[in-house]
Amino acid sequence: MKRSILFLLAFCLTSLTALELFSQDLPISRQANLVERVSSAEVMVEATGIYISSETRSRRIDRDLSDNGVPRATDDAKKAAIWFLLYGSTDPMLNNQQAQNNFRPHESYFFDLNNINQWITWEQSGLQNRSRTSDGNGIQITKRFRINTDMIRSDLERFGIISSRVELSDAIGRPFIMVLPQAPTGQNPVDLLRNETQIRHAASVVESFLTARRYDVVVPEQVTQIDDMIAALNLVEGQEDDYAFRIAQQIGSDIYITFSSTVEDAGYGTQRVAMQVRAYETTTGRLLGTETGYSQGRRGEVSVSIEESMNEAIDNVLNRVNNYWIEDRERGVQYKVVLNIPSSFDRDEVEDIQFAFMDAMEQITQMARENVSTSQTLDYLVWVNPDEHRNSRNFYRELSRAYTENGGIGRLRSVTINRKLLLLEVDHD
Amino acid sequence: MRKHITLVLLIAIFLPSLAWAQQEGQFIRKSVTSVESVWMKPGSQRGIELNFPFFERMVDTYIEMARFDYNELPESLLREFRDRANAKTHIDENVIARLLEETVGAEMLNILNDPELMEARGLALRDESAWQTFAATKARSIGLTVEELEILMNSSYLYLPFITRIELTDRQPAGRAILAEFMPAADSDDIYVYIDGGIVWFSVNVSPDGGVSISELQSISASAYGSQRKGRTATFQFGNDTWRLNDSQYALYDATQAWVRNLGVATQEISDFQLRATIRETLPRRHYSLDIGRREGVYVDDIFELFEVRLDEVGNESLHSVGHARIVKVGDNREESFQFSTARQLMGRQQGVGIVAKEYPRVGYDFRLKFGRTTGMDIKPAPGFMQWLSGEINESFDVHLIYSYNLARITGRSQRFLDLDLRIGFPIFDPDPEFSNTNINPILGSAYLGYTRKMWFTGRQNLGISIGGGTDMFTYKVESLFFDESLTLFALGLKGNVDYEILITPALSFNVGAGYRVSTEPFWAEYKFEGFGLNIEGSLPANADIDMGGVYVTAGINYSLRQLRFNLFGFLDGFREY
């Protein structure tokens with residue numbers, strides 16, 4: 001009995017100590033906000049730090065706060081800044097429960113000031129604000145920091161808290177992203193890209209972000225023969241007037257990003273750029289993420305404002321693209337498959353073709369979703385195992401073989417094949 | 001989701017307060033434009049007119065401080081403003097504001113939009129984090145943002161001095177009349193010029209769409225007087241400049257300088273113009289680095305009040321005074337903004353980085369009122385001389401009036417003062433019993449010029465060592481049944497004293513001290529005796545034995561003045577350098 005009580009006491013004591021140590025790692029303050037994304041690797045964060053004196057007498061509290069207040073509150077502000085990036089921002093680094101669970105055992109590393117100081121590339125020497133708080137027992141300061149988020153991300157990946165981009169790329173490939181300006185209805189975005197300097201500048205900023213994060217990216221300035229494909233792609237419903245969607249499908253990008261900017265009067269003769277960035281899934285045109293970035297209002301210097309606003313917007317959109325890519329790739333590689341059945345087949349033959357095609361799909365894909373089914377068209381979204389079908393050509397060959405094996409009439413012929421789209425038709429033997 | 005909402009709420013609460021706090025601890029340079037006119041209120045001129053060129057010179061010295069950027073308006077617009085103002089039958093601050101809006105408003109906008117001025121002011125406005133943004137780093141842009149422009153466009157001011165009384169008279173000011181009661185020598189045949197008036201400050205507000213509005217910010221006022229002996233032509237000096245002036249003009253210059261100097265201090269007290277800084281470093285022995293310096297016109301011995309921002313339980317912020325500090329070294333931040341000034345804490349508990357410091361303007365003069373007692377004097381009666389005295393005069397009760405001019409702005413060294421020490425002593429004596437019913441009021445007086453150095457050994461305590469030289473005076477008049485006797489004599493004197501001083505408030509301190517005064521033989525005397533068949537009128541009797549020196553102890557107060565109504569040591573202001 002005595003031993004049990006002693007054991008219990010020891011357990012409680014250890015737990016409390018552990019809890020105390022654990023809580024010391026975390027910041028007291030959780031106040032921070034993103035001032036600016038300075039570059040693809042760095043952000044400027046304004047964070048508040050708090051220090052509460054453990055002294056009880058007024059004079060000693062004053063002395064303690066005078067000696068230790070600002071340095072200790074600054075340490076807390078640094079931790080609060082990191083906490084904000086990990087948990088608090090609109091698109092935090094630990095953006096799902098799994099990552100947060102993975103993070104917990106490594107909390108002490110990430111809130112260790114020695115490590116934090118390595119991630120901070122600049123610290124404001126002064127203060128934004130300093131105030132006495134907690135009935136005069138504490139001090140609260142606000143400071144700005146420039147933090148290298150790439151270094152934090154790299155450490156998160158090193159500990160296996162979030163998926164490593166390199167490993168992810170090796171495992172499931174990198175998303176192939178196309179970037180185009182949002183064009184008014186009927187206007188070709190490629191023409192805009194070719195002719196408008198500011199639009200080209202905005203595209204180059206996105207390109208810079210994407211390449212810095214190791215995405216495969218294309219800005220289709222030199223894409224030709226777009227028009228040749230338009231008629232064929234008109235088979236796809238829902239996006240008839242969207243040039244970007246068609247171009248993305250033709251190029252075969254996994255994702256396409258469009259952007260549009262508006263320049264508004266911000267007062268005192270200044271203009272502010274509002275940049276809207278949208279990311280879509282190419283196969284379906286599904287919106288994956290949208291964000292608007294705003295520049296400071298300034299006189300002239302439109303290129304600076306464009307890049308500034310794009311910096312604000314693109315980072316969050318790319319985070320969402322990345323999340324989508326990881327989730328989607330767990331289901332396999334996605335393809336859009338459109339089968340065109342010529343009108344020369346009679347109704348019975350059409351039905352046989354459809355059944356054989358459906359069976360073939362089910363046979364060789366991990367998941368298939370039928371979008372459109374008419375007497376002339378079958379439109380599918382499918383996910384295939386990348387280990388079995390390393391590319392679209394290979395997938396087409398397997399599909400063709402499976403179609404024949406399932407008693408399909410005629411032969412499957414490819415009209416267009418790219419990374420994401422298989423445009424097929426049934427040919428008479 | 002809940003976390004995000006909490007965070008958004010916190011940021012929403014926090015951001016406005018941040019802007020507020022930033023403003024508290026940061027001085028934003030102001031753009032100031034003069035209307036180059038003086039508004040003379042009806043009936044204000046009595047016997048003399050303001051000398052505008054000298055007034056302008058004083059304005060340049062005391063009003064147009066280093067903390068402001070100055071702009072000039074075209075003469076044609078100024079003339080239009082004056083003409084339209086003169087044409088008005090009724091004029092007040094609101095009417096002037098409207099007239100300014102109509103006449104110089106558009107030009108003010110042009111001035112504010114001047115690219116060079118804008119860049120200079122805008123860059124001075126930026127804190128270090130602004131140089132770490134994308135625009136400043138990668139884009140290498142130094143263009144101003146809309147937030148910066150908004151501050152610049154709304155930190156512009158116009159000012160118009162006004163006068164409610166400028167009067168030439170021979171009426172003495174109250175203080176001088178009282179002094180003359182005790183010291184007949186202080187009574188003189190002077191003329192005086194009195195000036196009452198002030199400055200109306202207008203703020204120029206530019207809306208985002210470019211609309212200019214001008215409204216009254218604050219009206220400040222001050223009074224002063226100047227004097228000169230009637231009929232005397234004298235040289236008025238200011239720095240290295242001199243003017244040969246007749247009596248009334250001398251008095252006018254004297255009054256003008258004192259008046260404008262007082263207005264300068266009143267201008268510094270306007271909240272918008274008050275210098276503000278933040279403690280950037282804590283140094284040993286309660287010294288701090290403040291991020292302010294010569295660029296803003298900070299001088300050695302300027303006092304700053306320290307404030308702490310406090311948050312209550314609902315997040316409201318308020319400023320609480322936590323002490324005062326005196327500048328002991330001015331940082332030259334004109335080229336390098338990281339050259340901070342050093343301040344030493346005078347009062348309050350030791351503070352840390354981030355504490356807000358606000359200017360506590362003083363005119364640069366201390367006034368000391370001390371009461372004391374001198375012992376060791378030796379004023380003896382002699383046969384036929386001072387027969388009303390039984391024994392000797394060895395002691396006196398003294399009242400010292402000391403005006404101290406702080407030399408720090410001239411020498412750059414802290415806590416050095418030029419003193420004018422006026423003493424009135426009331427001898428302690430026993431009258432001869434025969435004269436017990438006779439009214440006898442012997443008076444001792446001194447006028448010394450001295451130098452004091454105060455050495456601060458803790459935050460609020462100092463030891464002041466003074467030396468000085470001047471004249472001592474002894475005077476009495478006896479009208480008895482037997483004879484009438486009067487004496488006035490002057491002797492040269494030297495003194496040295498040590499004072500211990502402790503601050504009660506940053507401007508007021510209590511002091512006790514002791515010193516020794518050495519007095520020479522009288523160098524001038526006027527003696528009259530009438531009685532017993534004698535009628536003597538001449539110098540000091542040969543058998544007189546008078547030594548006015550001795551040991552003295554004092555206790556009193558020292559007050560750092562906000563304003564001084566007369567011009568004492570004013571010529572030294574022209575030598576201000578540090």
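Here is the naming used below: chain letters follow the sequence lines, and residue numbers restart at 1 for every chain. Just so you know, these numbers come straight off a predicted model, no measurement behind them.
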With rounding to the nearest 0.5 angstrom, report the [atom1] to [atom2] distance, [X] to [Y].
X: B:E317; Y: A:N129; atom1: CD; atom2: CG; value: 5.5 Å
X: B:E148; Y: A:Y268; atom1: CD; atom2: OH; value: 13.5 Å
X: A:S66; Y: B:Q351; atom1: OG; atom2: CD; value: 6.5 Å
X: B:L149; Y: A:R299; atom1: CG; atom2: CZ; value: 5.0 Å

The residue among A:M44, A:E36, A:E42 that forms side-chain contact (heavy atoms from CB on, under 4.5 Å) with B:F134 is A:E36
Looking just at side-chain N and O atoms, do [X] and [Y] make a donor-acceptor pair shorter than 3.5 Å?
X: B:E128; Y: A:S125; value: yes
X: A:S58; Y: B:R349; value: yes
X: B:S141; Y: A:E301; value: yes

* **Pairwise side-chain contact, B:T145 with A:T270, heavy-atom cut-off 4.5 Å (strictly under)** => no
**Request:** Report yes if some heavy atom in the side chain of A:R130 is under 4.5 Å from a heavy atom in the side chain of B:V356; otherwise report no.
**Result:** no
Part of [X] within contact of chain A (heavy atom distance under 4.5 Å):
X: B:T133; value: both
X: B:T282; value: neither
X: B:I355; value: both
X: B:R310; value: both
X: B:Q132; value: both
X: B:V206; value: both
X: B:E147; value: side chain

Can you see which heavy atom on [X] is nearest to which on [Y], and at what distance?
X: A:R298; Y: B:L144; answer: CB-O, 3.6 Å
X: B:V353; Y: A:V70; answer: O-CG2, 3.2 Å
X: A:E308; Y: B:A135; answer: OE2-CB, 4.1 Å
X: A:R144; Y: B:S129; answer: NH1-OG, 3.1 Å

Among [options], who wins on heavy-atom pairs under 4.5 Å with chain B?
options: A:R37, A:Q271, A:R59, A:R63; answer: A:R59
options: A:G269, A:G300, A:G126; answer: A:G126
options: A:G69, A:G267, A:A266, A:G297; answer: A:G297

Quiz item: Should we say atom CZ of A:R72 is surrounded by more than 12 heavy atoms from elsewhere, each under 6.0 Å from it?
Solution: no
Exercise. Around A:Q97, counting heavy atoms of other residues, nucleotides and ligands shown, do more than 12 lie under 6.0 Å from its CD?
Worked result: yes
### Verdict with supporting geometry, A:V304 and B:K138, side chain to side chain contact (heavy atoms under 4.5 Å, CB included)
CA-CA 9 Å; A:V304 176; B:K138 188 184 174 193; over 6 Å; no
Honestly, the part of A:E307 sitting under 4.5 Å from a heavy atom of chain B is both
Per-residue tally against chain A (heavy atom, under 4.5 Å) across B:R140, B:E150, B:M153 peaks at B:E150
